[in-house]
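Please read these numbers as outputs of a predicted model, since none were measured by experiment.
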Amino acid sequence: MSDRLSVFKTYKLYVGGKFPRSESGRVYEVTDSKNNWLANAPLSSRKDARDAVVAARKAFGGWSGATAYNRGQVLYRVAEMLEGRREQFAREVADAEGLSKSKAAAVVDATIDRWVWYAGWTDKIAQVTGGANPVAGPYFNLSSPEPTGVVAVVAPQESSFLGLVSVVAPVIATGNTAVVIASERAPLPALSLGEVLATSDVPGGVVNVLSGRTAELAAPLAAHQDVNAIDLAGADEALAKELEIAAADNLKRVLRPQSVDYFETPGIDRMTAFLETKTVWHPTGSLGAGGSSY
């Protein structure tokens, strides 16, 4: 019996619910921690970044308009699908980050748990960040959180999977849509995540995953007039400063890089960073000569 030829995986971008190659046709070699070749990843261009923003904007209305409970169901479905592909992601994380099989498996388990954690927050964050405000007058004053819009995410460079999900999940849990720049050195777990998202009830365009040179992709996204916010988690100090200056042009919300232990239970900071607060005033009126209100 003759030996089989290996079937190498072709990694593609994930944009608008589809899997295009980079419009430039470029790829770059991805290697493991020992410099062994793993795959050719798409080298995204500025045009790919612009296409991803268009897809994210198109998806925003439907995703932000969905009930918080429904978004939680969708995020939980992502966790379900990842649970069924634990072995694949453990291999990819081990190769990407130079981890042992057991440590890579622990990273994947923590990543699945992170999806579940944020799935549980989708219909609770409004109770924490919104509510009735006391005012000096005959009014109801109610505040409620709303998503910011399209968020560009520079994913962490070293934590290619757990870190990635830890910055993407809070963005979409609160109704935003995302354009994600995967880790430049280790993009394969992020690109494979696109395959999971495509089969997990996440509407096309809610999450868009690009691979390539971080600085080359982040610059046009930071300056893009239809991007409402940017998370600089994976940018170094020099790049972060450059991107923050570009983001100021249309007053984007900016979440600066910070030292994070992604294994720690996250707070709600990454969710509230990309929420706006809508406040509604309504007169209470009054009843009777005594001036009692309702």
Side-chain angles (χ1 to χ4, degrees), residues 6-32 35-60 92 95-96 150-158 160-161 163-164 167-168 171 177-198 202-236 238-240 242-243 245-247 249-250 252:
S6 297
V7 179
F8 292 105
K9 182 172 180 176
T10 302
Y11 287 89
K12 296 181 182 178
L13 307 177
Y14 182 57
V15 177
K18 299 179 181 179
F19 296 94
R21 292 178 169 84
S22 171
E23 64 83 28
S24 68
R26 302 179 301 170
V27 297
Y28 72 105
E29 291 189 354
V30 178
T31 58
D32 63 16
N35 211 35
N36 297 312
W37 181 87
L38 293 174
N40 289 333
L43 189 58
S44 304
S45 67
R46 290 170 177 256
K47 175 65 163 56
D48 294 315
R50 292 195 296 269
D51 289 345
V53 173
V54 171
R57 177 58 63 192
K58 184 177 180 181
F60 177 70
E92 291 189 344
D95 290 338
V150 176
V151 181
V153 178
V154 183
Q157 298 297 327
E158 301 304 320
S160 63
F161 194 45
L164 168 80
V167 297
V168 172
V171 169
T177 55
V179 177
V180 185
I181 305 173
S183 165
E184 181 174 334
R185 184 186 64 82
L188 303 188
L191 296 176
S192 289
L193 178 63
E195 299 172 1
V196 172
L197 297 174
V202 180
V206 170
V207 178
N208 305 275
V209 183
L210 305 174
S211 60
R213 308 300 181 210
T214 299
E216 181 180 343
L217 294 171
L221 289 176
H224 201 297
Q225 296 297 298
D226 204 25
V227 173
N228 304 104
I230 186 167
D231 185 343
L232 302 177
D236 59 32
L239 179 60
E242 175 187 328
L243 297 177
I245 292 171
D249 193 45
N250 74 331
K252 289 179 179 65

Inset, instruction - For Arg57, look at atom CZ and say whether over 12 heavy atoms of other residues, nucleotides or ligands are found less than 6.0 Å away. - result: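 More than 12 heavy atoms, drawn from other residues, nucleotides or ligands, come within 6.0 Å of this atom.
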Legend entry - Atom NZ of Lys9: over 12 foreign heavy atoms under 6.0 Å: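 Result for NZ/Lys9: enclosed.
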Side chains of [X] and [Y] in contact at under 4.5 Å (non-hydrogen atoms):
{"X": "Lys252", "Y": "Asn228", "answer": "no"}
{"X": "Glu92", "Y": "Ser192", "answer": "yes"}
{"X": "Pro187", "Y": "Tyr28", "answer": "yes"}
{"X": "Ile181", "Y": "Leu217", "answer": "yes"}

I'd like to know if the side chain of [X] and the backbone of [Y] have a donor-acceptor N/O pair within less than 3.5 Å.
{"X": "Ser24", "Y": "Arg26", "answer": "yes"}
{"X": "Ser211", "Y": "Ala41", "answer": "no"}
{"X": "Asp32", "Y": "Asp95", "answer": "no"}
{"X": "Asp249", "Y": "Ala223", "answer": "no"}
{"X": "Ser160", "Y": "Ser183", "answer": "no"}
{"X": "Asn208", "Y": "Val180", "answer": "no"}
{"X": "Thr177", "Y": "Ala56", "answer": "yes"}
{"X": "Gln157", "Y": "Glu184", "answer": "yes"}
{"X": "Asp48", "Y": "Ser45", "answer": "yes"}

Considering non-hydrogen atoms only, spot the tightest contact between [X] and [Y] and give its length.
{"X": "Val167", "Y": "Asp231", "value": "CB-OD2, 3.8 Å"}
{"X": "Gly212", "Y": "Leu43", "value": "CA-CD1, 3.7 Å"}
{"X": "Ala59", "Y": "Val206", "value": "CB-N, 3.7 Å"}
{"X": "Ala52", "Y": "Val15", "value": "CA-CG1, 3.8 Å"}
{"X": "Val227", "Y": "Ala229", "value": "CG1-O, 3.3 Å"}
{"X": "Val153", "Y": "Ala178", "value": "CG2-CB, 4.5 Å"}

Inset, instruction - State the CG-CG distance between Asn40 and Leu188, to the nearest 0.5 angstrom. - result: 10.0 Å
Inset, instruction - Take the angle between the ring planes of Phe19 and Tyr14 and call it parallel below 30°, perpendicular above 60°, tilted in between. - result: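 Rings of Phe19 and Tyr14: tilted, as their planes differ by 30° to 60°.
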Inset, instruction - Evaluate the side-chain contact (heavy atoms from CB on, under 4.5 Å) criterion for residues Leu193 and Leu197: first the C-alpha distance (whole Å), next the side-chain angles of each, then the deciding distance (0.1 Å), finally the verdict. - result: CA-CA 6 Å; Leu193 178 63; Leu197 297 174; 4.2 Å; yes
Inset, instruction - Could you walk me through whether Leu221 and Val179 pass side-chain contact (heavy atoms from CB on, under 4.5 Å), step by step? - result: CA-CA 9 Å; Leu221 289 176; Val179 177; 3.9 Å; yes
Inset, instruction - May I ask you to check if Arg21 and Tyr11 form a cation-pi contact, with NZ or CZ under 6.0 angstrom from the six-membered ring centre and within 45° of the axis? - result: no
Legend entry - Ion pair Glu29/Arg185, N-O distance below 4.0 Å: no
Inset, instruction - Applying side-chain contact (heavy atoms from CB on, under 4.5 Å) between Leu210 and each of Leu191, Leu13, Asp51, report the one that passes. - result: Leu13
